Amino acid sequence: MAAKHDLLVIAGPTASGKSALALELAGRLNLEIISGDSMQLYRGLDIGTAKPTATERRLVPHHLIDLFAFSERVDVFRFVKLAGDCIESVAARGNLPCVVGGTGLYLKSLIYGLDDLPADSAVRARIDAQYAAGDRFEELKKVMAARDPVSLTRWEKNQRRLLRALEVLTVSGRSISELQSGPRPARYRTLTLVLDWERDELKRRIAERTGKMLGSGWLEEARIAIAGGLLDSPTARQAIGYDLIAEYLAGNMTRNALAARIATVTWQLARRQLTWFRHQHPEAEWVECPADPDAVAERVERFFRSSPVAGRN
RNA sequence: GGCAGGAUAGCUCAGUUGGUAGAGCAGGGGACUGAAAAUCCCCGUGUCGCCAGUUCGAUUCUGGCUCCGGCCA
C-alpha cells in the first residue's frame with residue numbers, strides 16, 4: 001500500500017503507549033517500525049528507556065535501536081541521516097515506514113529536514129573549552145554582542161544555544177540566525193499521530209510504569225550501565241532515572257523516594273514533549289486515548305490511499 | 001508532669017526592628033535547527049495554628065488554648 005514518500009509517525013509523550021499501538025498497527029498493516037527515540041539508540045539502556053522486548057522485535061522489524069555504545073555521541077543530524085536511509089529501505093521493501101518515538105526534535109527534523117548548518121567538532125571543542133564553564137557565560141555574551149548580536153538577543157540566557165551559535169559563526173562566518181530558514185514543506189507525505197491522554201491518566205500511567213520498571217530489573221541494569229561509565233558518557237547519561245538510581249544505590253534515598261523522584265522527572269519530560277507536539281507539528285493529528293487500533297489502522301489506510309501521490313508508485 | 005522549641009504557599013523553610021509576606025522544590029504555560037529523556041524563559045493571595053489583649057493598625061508584641069517533634073522526669 002505504501003508509496004515511495006509515505007511516512008507514518010507515532011508520537012506522543014512518554015508512557016502514552018506509542019510502541020504498543022505501533023505493534024497493533026503492524027498486525028493490521030505492512031509496516032516496519034523505526035525508533036524515533038534519542039535514548040533507545042543506545043545499547044544497555046533497555047528497561048530504563050522502555051524498549052520493545054526481544055519478542056516484539058522478532059515479531060515486527062524494528063530499526064534504530066541498540067545501534068550505539070553509550071560512550072558515543074549521537075545528535076539530531078546523525079539521527080536524521082540514519083532514519084532517512086532507513087525509511088528508504090523500508091519503502092523499497094514495499095512496507096510503510098512507521099517512526100515511533102517521543103524525541104520531538106528528531107521527529108520534526110526528520111519530517112521537515114535540517115538546514116545545512118556547519119558543524120566542526122574541533123572548533124566546538126575549542127569554544128567549549130573557552131566559554132562553556134558556568135562562569136564564562138558573561139564573556140561569551142560579550143563576544144557574541146560584538147560578533148552576532150541577533151543570536152545574542154535570541155539566546156541571551158541560554159548558554160548552550162549561544163555556544164552552538166558561536167560554533168556556526170566561527171565555521172561559516174555567518175550568523176546561525178541568518179542561515180536558518182523558516183517553516184518549509186515536509187519531506188514525506190506524513191501522517192503524524194500524537195497520542196493524547198487525559199492529564200491525570202497519563203500521570204497515573206507514568207507512576208505505574210516507573211514502579212514496574214524498578215520491579216523488573218531496572219536497578220540491576222542501571223548498576224551495570226553505571227559501572228560501564230554511563231554517567232560519564234556524553235549524551236546517553238541524560239537518560240532519565242539512571243543518575244537517581246545511582247543515588248539510591250549509594251544509600252542516599254529510600255526506594256519509595258526513588259520511585260517518586262523518577263515519576264516526577266518523567267512527568268516533567270512528558271509535559272515538555274506535549275508542549276513540543278502542540279506547537280512544532282502543524283501536520284499532527286491528535287488521537288484520543290485509549291485508542292481503538294482498528295480505527296487507527298483504518299485512518300492510516302485512508303490517509304495514504306486517498307493521497308494524490310499514492311498512485312504514482 | 002516539667003523545660004526550652006516549632007506552628008507562614010501543595011512540601012521544606014526564610015522573613016516582616018508592628019503598616020497583611022518570599023525562596024527552593026512541586027505545579028502551570030512557553031521557547032526550541034548538530035547534547036533534545038537536553039537546555040532555557042515566564043507564572044506565587046496564602047484565614048502567616050486558634051481565641052483574646054495592647055495598638056490607629058498584629059502574621060509580627062503579650063496572655064491563654066490546640067497541635068507537633070525534642071529533652072528532662
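Because the structure is predicted, anything quoted here is derived from the model rather than measured. Residue numbers start from 1 in every chain, and the chains themselves are labelled A, B, ... in the order their sequence lines are given, proteins ahead of strands.
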Of the listed nucleotides ([options]), which one gets closest to any side-chain atom of [X]?
| X | options | answer |
| --- | --- | --- |
| A:Trp276 | B:G30, B:U33, B:A36 | B:A36 |
| A:Arg73 | B:G34, B:A35, B:A36 | B:A35 |
| A:Met39 | B:A37, B:G34, B:G30 | B:A37 |

B:C32 OP1/OP2 closer than 4.0 Å to side-chain N/O of A:His279: no

Intra- and inter-strand pairs of RNA chain B in dot-bracket (Watson-Crick or G-U wobble, both distances under 3.5 Å; | for another strand): (((.(((..((((.....[..)))).(((((.......))))).....(((((..]....)))))))).))).

A:Arg205 with A:Glu201: basic N within carboxylate O range, under 4.0 Å: no

Exercise: do A:Arg209 and A:Thr14 side chains pair donor with acceptor under 3.5 Å: yes

A:Glu221 and A:Tyr242 side chains, donor-acceptor separation under 3.5 Å: yes

Within the structure shown, what part of the strands sits under 4.0 Å from [X] by heavy-atom distance: base, sugar-phosphate, or nothing?
| X | value |
| --- | --- |
| A:Ser121 | nothing |
| A:Gly241 | nothing |
| A:Gln280 | base |
| A:Arg278 | sugar-phosphate |
| A:Tyr106 | sugar-phosphate |
| A:Arg237 | nothing |
| A:Arg78 | nothing |
| A:Val74 | sugar-phosphate |
| A:Thr266 | nothing |

Pair of N/O donor and acceptor under 3.5 Å linking B:A26 base with A:Arg261 side chain: no

No-H, no-angle donor-acceptor pair, A:Arg271 side chain to B:G27 base, under 3.5 Å: no

Euclidean distance for P, B:U59 against B:C72 (whole angstrom): 37 Å

Partners passing side-chain hydrogen bond (donor to acceptor under 3.5 Å, both in side chains) against A:Glu139 (at least two apart in sequence or in another chain): none

Atom-pair distance (CZ on A:Arg124; C1' on B:U33), nearest Å: 13 Å

Interatomic distance, A:Phe137 CZ vs B:C41 C1' [rounded to whole Å]: 12 Å

A:Lys81 to A:Phe77, cation-pi by 6.0 Å centre distance and 45° axis angle: no

